[in-house]
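Input: a single structure, listed below in structure tokens.
Just the heavy atoms: all of them, side chains too, but no hydrogens, waters or symmetry mates, feed the values below.
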Amino acid sequence: MEKVGEYEFQLINKPIPTLKEKNNVDLLVKWNLDQNLKIWTFSFDKAFHPYNVKEFAHDLLRDPTVMSLLSPVVDTMWTKDVAPEQINADPLNCTVTSMNFFERLKEEKVVRPTGAICKCFDETYEGILISDELRKMLLSEDCINFEVFSDDDRMELMFRLFKMFVIGGPICQYEDYIDPYLDITKSLYKDIVCVQKNPNSEELNVISKVVQLSIVNEGKKKKIFPSNENDQNFAFLIIDPLKRHVHLLHCGGYGKGGFW
């Protein structure tokens, strides 16, 4: 196979355990994420350095296997000639090591002490139905609870995974209680994030590096990957520099401004 960049990648045909557990499979169908959420794992052949992440992403997105896997789930496919300046690899935070991160939802009465999600009058945001205070807090900057999570918090991978599950796909059937969202978020996070214990302090430290990917056309005026600007269309790289593994997570399904 022709080498297209400095890094070479090999697909690891090992499923993500969280996405195969029966109860979670049923939930993903209910949330309309069974077809809209894809995660692939690859090994790579050279040491990863954070300062080189854009070149790493450029090589990955030009890899023939990666391109063939993404082709069925994107509207516009790029070529191996895609230029480095067309690719954005924006860093996300990956520091959370406890589900206490979400306790503030009960403190701020977004969620009741029982775990029941507080309801609200129906409204829409970019075609997404909002019928409770949790989805309103996640999506609407006008919401009184929007600042329960800071901008840095909202850039955490843990937050982004949680938001993905709560909002779901275009025909999502929502939960009345928060526990299923928290449980699957915790499980997937453990599957895809590398954590080490500091031998001196016993604290857990996240080793993985995470970036959000996008590709723009040559005029840099239109995003071609993911296909549009909806919050629920995105792609992440979760890079384990120790094992030299990378997870490519792609979530899609929403058209611009609403449903397909």
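Across T97, T95, N198, a single residue satisfies side-chain contact (heavy atoms from CB on, under 4.5 Å) together with N205, and that is N198.
Panel note: side chain Y7, backbone A47; a donor-acceptor pair is recorded below 3.5 Å. Remark: side-chain polar atoms of W78 are not paired, donor with acceptor, to backbone N or O of V216 under 3.5 angstrom. For the pair N100 (side chain) and E103 (backbone), a donor-acceptor distance under 3.5 Å is absent. Counting only distance, with no hydrogens or angles, the side chain of Q212 and the backbone of A89 share no donor-acceptor pair below 3.5 Å. Under the 3.5 Å distance criterion, the side-chain polar atoms of N24 are matched with a main-chain donor or acceptor of T18. Not a single donor-acceptor pair under 3.5 Å links the side chain of N233 to the backbone N or O of P226. Using modelled atom types, no side-chain atom of N32 and backbone atom of C172 make a donor-acceptor pair closer than 3.5 Å. Not one N or O on the side chain of E175 forms a donor-acceptor pair closer than 3.5 Å with the backbone of Y177. In this structure, the side chain of Y189 does not engage the main chain of L161 through any donor-acceptor pair within 3.5 Å. A donor-acceptor pair under 3.5 Å links the side-chain atoms of Q86 to the main chain of A83, judged by distance alone.
Residue I178 is grouped with residue M99 when hydrophobic side chains (ILVMFWY) are merged at heavy-atom distances under 4.5 angstrom, including chains of intermediate members. Tracing side-chain contacts under 4.5 Å through hydrophobic residues (I, L, V, M, F, W, Y), one reaches M158 starting from V195; they form part of the same cluster. Under a hydrophobic-cluster definition in which Ile, Leu, Val, Met, Phe, Trp and Tyr are linked whenever side-chain heavy atoms come within less than 4.5 Å, directly or via other members, L204 and V193 are assigned to the same cluster.
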Check your understanding: Going through the distances and angles, do H245 and S43 end up as a side-chain hydrogen bond (donor to acceptor under 3.5 Å, both in side chains)?
Key -> CA-CA 4 Å; H245 286 178; S43 63; 5.6 Å; no

Point to revise | Worked verdict on R62 versus D81 for side chain to side chain contact (heavy atoms under 4.5 Å, CB included) | key: CA-CA 8 Å; R62 293 187 302 148; D81 297 324; over 6 Å; no

Practice item. Could you walk me through whether S208 and D240 pass the side-chain hydrogen bond (donor to acceptor under 3.5 Å, both in side chains) test, one step at a time? Key: CA-CA 5 Å; S208 299; D240 181 340; 5.4 Å; no

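Here SG of C94 is found 10.5 Å from CD1 of I239. Values are rounded to the nearest 0.5 Å. Between atom CG of residue L134 and atom SG of residue C118 there is a gap of 9.5 Å, rounded to the nearest 0.5 Å. Remark: L157 CG to M164 CE distance equals 9.0 Å, nearest 0.5 Å.
Under the 6.0 Å cut-off for aromatic ring centres, F101 and F149 qualify, their centroids lying closer than that. Ring centers of F236 and F234: under 6.0 Å apart, within the cut-off. Taking the ring centroids of Y181 and W31, they lie under the 6.0 Å cut-off. Annotation: F44 is in aromatic contact with F56 [ring centroid separation under 6.0 Å].
Residues L27 and F165 are not in side-chain contact: their nearest non-hydrogen atoms beyond the backbone lie 4.5 Å or more apart. Residues N36 and P170 meet the side-chain proximity criterion, which asks for heavy atoms closer than 4.5 Å. Using a 4.5 Å heavy-atom threshold, the side chains of L70 and W40 count as touching. Side-chain contact check for D176 versus K119: some heavy-atom pair is nearer than 4.5 Å. Residues V25 and D34 have side chains not in contact (no heavy-atom distance under 4.5 Å, counting atoms from C-beta outward). Under the 4.5 Å side-chain criterion, counting only non-hydrogen atoms from C-beta, N145 is in contact with E133. A 4.5 Å side-chain heavy-atom check between D59 and F9 finds at least one atom pair inside the cut-off. Taking 4.5 Å as the limit, every side-chain heavy atom of L237 sits out of range of all side-chain heavy atoms of V210.
Ion pairing between a basic and an acidic side chain is recognised when a charged N comes within 4.0 Å of a carboxylate O; K22 and D26 show such pairing. Using a 4.0 Å cut-off between a side-chain N of Lys or Arg and a carboxylate O of Asp or Glu, K46 and E8 do not qualify as a salt bridge.
The minimum heavy-atom distance between L69 and F42, with the atom names listed, is CD1-CZ, 3.8 Å. Shown here for H250 and V73, the closest heavy-atom pair between the two residues is CE1-O, 3.7 Å. Between D122 and S131, the shortest heavy-atom distance links the atoms OD1-CB, 3.1 Å. For the pair K54 and I87, the tightest heavy-atom approach, listed with the atom from each and the gap, is CE-O, 2.6 Å. When every heavy atom of L19 is checked against every heavy atom of L37, the shortest pair comes out as CD2-CD2, 4.1 Å. Between I130 and Y125 the shortest heavy-atom distance is CD1-CB, 3.7 Å.
Not counting sequence neighbours, the partners of K197 by the salt bridge (charged side-chain N to carboxylate O under 4.0 Å, His left out) test are E202.
Within the structure, the salt bridge (Lys or Arg N to Asp or Glu O under 4.0 Å) test picks out no pair touching residues 178-196 (sequence neighbours left out). Applying the salt bridge (Lys or Arg N to Asp or Glu O under 4.0 Å) test to every pair with at least one member in residues 150-169, sequence neighbours left out, gives these pairs: R104-D153, K163-D231.
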